[in-house]
Amino acid sequence: MKFLLLCLGYTISLLIFQAGFLLKRKEIHIRSTCRDAPTGSNNCWMKPQYNKVILMIVDALRHDFILPQSDTNIAPYLNQMKFAASLANSSILSSIIADPPTTTLQRLKGITTGTLPTFIDVSDNFSPNANINEDNIIDQLISKGLNATLIGDDTWVSLYPDRFHRSYPMSSFDVHDLHGVDDGILKVLPEELARTDTQFLILHFLGVDHCGHRYGPDHPEMAKKLRQMDTTIEYIVKRMRQDELLVVMGDHGMTTTGDHGGEAFAEITAGLLIHSPSTAFQTPTLPPRQIDLLPSLSLLLGLPIPFSNLGNVIPELFPVELQRKLAVQLNYEQVIRFARTYSSSNALSLSEFSLFDDRDLDENDQLKTLQRIQQALRAAWTQFDTTIIIVGLVSIAECILYNLSDEPSSFTQWIVRSGLLLLQFSAFFGGSENPSVPLLLGTLVILSIFHLLRIIKLATLIRSRSKMMTNLLFTILPCLCFFSNSFIVRETDVLRFFLQTLVILSLAIKTSSWKKKLGGGKMNVKILRQLVFSDEALIPILMIALLRLAPFFHRCREEEINCVQYFPTILSASLPGDIRVMRLLLSIFSSSTLSYLIGQRAHWLLGNFFGDTISTKKI
């Protein structure tokens, strides 16, 4: 009964905490159409300015990798992209700001939909995969009978399955492979550049990102990769047609150790190069945001701006004054439509967006209004619910104290815990405005004090002190580890060491009990052989052996620097459907069988470790 109450308590406590901490955004599945912006001509929203856009994404291209630097302390990555720097006079060469979290999937979603990322994007259909269902530039291309082609990172295929006219997806998982994806792109690139049936060509290079994860930016290998990217840019520019636009950008930056995912300046500031043979651009005074590319590229291709976009057009991409004013006007009307729709469907007041009255606004006022709306929605999607976070943390602390207090199960305890669970469910579904929140906090504090007093009382009893301290030690230590960044990266190693230590310590205690049963005499070879091959010793020895073999099957993650991967495992997503089902059934069968055997044969582990009496075979 106590185990059930603890499970329910921990579960609802974590749910309450994540409700306040994990930011959420509701998706709106409305698509922009040509009818949303009637122009009185055959053009949809705006006349196309280019027949083809080449989007070259260099994963983790930090701003100082591509921008010319005059730093006297020359690092290997500085000033390696000389050709890109030579285009600065007639092209946009700037930094570009990414919104955290600076992970590739979230960044690609922001670039193609124009939305701001949150920890959880709540979809109406609760789709379990990464498929993007919001309005986006890829679907807008398809709706107008245009084509998009992908070469490179296979993350795009998971976001937009069956959407590309041609695709050459390449695995992005092996961070130790610096050249496989990049060389694969370069092999296909000449043929794709010569084709005229693609209006949106995506090239996603991974070598720079993988080099950062493996060596860090301050390494000679990084200089080689950057020079290779510079040579690729030169190759593309020399073969571009007059009606084509090249956009070179990083999806995010990287830290001095080659990591990314957070909101440090080096992580959110990427490089940007925009070039066209037919147009001379001026570099913006302030660096644009990544989501600003979407409305700009959409209008330059003559497409409707995706409905949920919050980016502002980059005025410098529209050198002609009339085109610039029209682009700003269309962008303005699109964002206003989205703001009104989102506010009405999510109970947000229009006053939060500082919206306008019906008077005409000039170009500058429209841009300022766009910025205010973006800031208001950014604040609405990045506000933590502090009250709910506190309730969740106090609930978790109370569950830990309840576990350590070792209170016996009783009918009164069942009534109290059930009432507490009802209050917690009320807070979870009602939010911080629910009137039950103050009552819940008070109840949690009182119960925590009661549990703490019982723990102190137990600590004074010599017989219970060992068991209580052991419970306390193995409960608090793993919790404290989560406050360390290095633990997050090395979690598997730490937990493996923790489990091996627990098994070895339990085996030592068991061996000591065997020695006492022998009358304290010395162990000889015969007795030791009997011990080793007994059930009580064979199971922990087998567990230690399996734990020692576990690293051979470890799959390296991006953030694990100098990680060694012994066997090239195959990802489940790349297997056929029937093989995946068989693999799942086999995993369930083996896990269930192992759990049953451990439950039947290895009950000695926790029993002897915590001092309970367990019957053993006679030696």
Side-chain angles (χ1 to χ4, degrees), residues 31 50-61 103-114 127-175 177 179-210 229 232-233 235-236 239-240 244-251 293-294 297-298 301 303 306 558 570-577 579-580:
R31 301 194 180 278
Y50 299 96
N51 287 330
K52 185 177 185 179
V53 169
I54 304 171
L55 178 61
M56 177 178 170
I57 296 180
V58 181
D59 211 292
L61 181 68
T103 54
T104 296
L105 188 143
Q106 289 283 6
R107 292 294 80 245
L108 296 186
K109 185 171 184 178
I111 292 169
T112 54
T113 64
S127 176
N129 53 43
N131 187 4
I132 290 181
N133 296 309
E134 279 187 293
D135 197 7
N136 58 82
I137 192 171
I138 305 297
D139 287 334
Q140 287 292 346
L141 282 162
I142 296 172
S143 67
K144 287 206 65 181
L146 304 178
N147 296 322
T149 296
L150 164 70
I151 314 175
D153 188 353
D154 58 357
T155 304
W156 286 88
V157 180
S158 64
L159 295 175
Y160 297 103
D162 303 321
R163 256 80 146 233
F164 293 105
H165 181 58
R166 283 185 303 277
S167 63
Y168 308 86
M170 303 171 193
S171 176
S172 60
F173 210 78
D174 188 359
V175 296
D177 182 9
H179 309 291
V181 174
D182 294 357
D183 292 345
I185 296 174
L186 296 177
K187 184 178 180 180
V188 183
L189 183 58
E191 178 185 352
E192 285 298 329
L193 287 178
R195 293 179 181 268
T196 58
D197 61 345
T198 295
Q199 288 72 41
F200 198 62
L201 176 60
I202 302 170
L203 313 172
H204 195 142
F205 293 85
L206 293 173
V208 172
D209 179 66
H210 288 183
M229 294 299 100
T232 303
I233 294 172
Y235 180 87
I236 295 173
R239 287 158 180 79
M240 287 178 64
E244 294 180 348
L245 180 72
L246 172 65
V247 179
V248 181
M249 63 177 295
D251 56 342
L293 279 175
L294 178 75
L297 296 181
S298 297
L301 286 171
L303 303 173
E558 284 191 3
I570 301 175
L571 294 179
S572 297
S574 62
L575 294 174
I579 301 297
R580 272 187 280 176

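Hydrogens, waters and symmetry mates play no part in the numbers below; they use all other heavy atoms, side chains included. None of the values given here were measured: they were computed from a predicted structure. Nothing fancy with the numbering, it's 1 onward along the sequence.
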### Query
What is the minimum heavy-atom distance between S171 and D154, and which atoms define it?
CA-OD2, 3.4 Å
### Summary
Of all heavy-atom pairs linking R163 and I132, the shortest is NH2-O, 2.8 Å
### Message
Testing the basics here: between A60 and D209, what is the closest heavy-atom pair and its distance to 0.1 Å?
### Response
CB-OD1, 3.5 Å
## Note on the structure
Nearest heavy-atom contact between I111 and M249 is CD1-CE, 3.5 Å
### Donor-acceptor side-chain pairing of T104 and D153 below 3.5 angstrom
no
### Euclidean distance, L293 CG relative to T112 OG1, rounded to 0.5 Å
11.5 Å
### Query
What is the minimum heavy-atom distance between G184 and M170, and which atoms define it?
C-CE, 3.4 Å
### Query
Near D162 CG, under 6.0 Å, is it more than 12 heavy atoms from other residues, nucleotides or ligands?
no
#### Entry: Side-chain donor-acceptor pair present, H204, D59, cut-off under 3.5 Å
yes
### Task
Enter the distance from K52:NZ to L193:CG here, rounded to the nearest 0.5 Å.
5.5 Å
### Query
Does the side chain of L294 reach to within under 4.5 Å of the side chain of N136, using non-hydrogen atoms?
no
### Task
May I ask you to test the Y235-L186 pair for a side-chain heavy-atom distance under 4.5 Å?
no
### Query
What do the steps show when you test T232 against L189 for side-chain contact (heavy atoms from CB on, under 4.5 Å), and what is the final call?
CA-CA 10 Å; T232 303; L189 183 58; 4.1 Å; yes
### Task
Under the side-chain contact (heavy atoms from CB on, under 4.5 Å) rule, what do F205 and L61 come out as? Steps first, then yes or no, please.
CA-CA 10 Å; F205 293 85; L61 181 68; over 6 Å; no
### Task
For the residue pair I137 and S298, establish whether any side-chain heavy-atom pair is separated by less than 4.5 Å.
yes
### Shortest non-hydrogen contact from G152 toward V181
CA-CG1, 4.3 Å
### Euclidean distance, F200 CZ relative to Y50 OH, rounded to 0.5 Å
14.5 Å
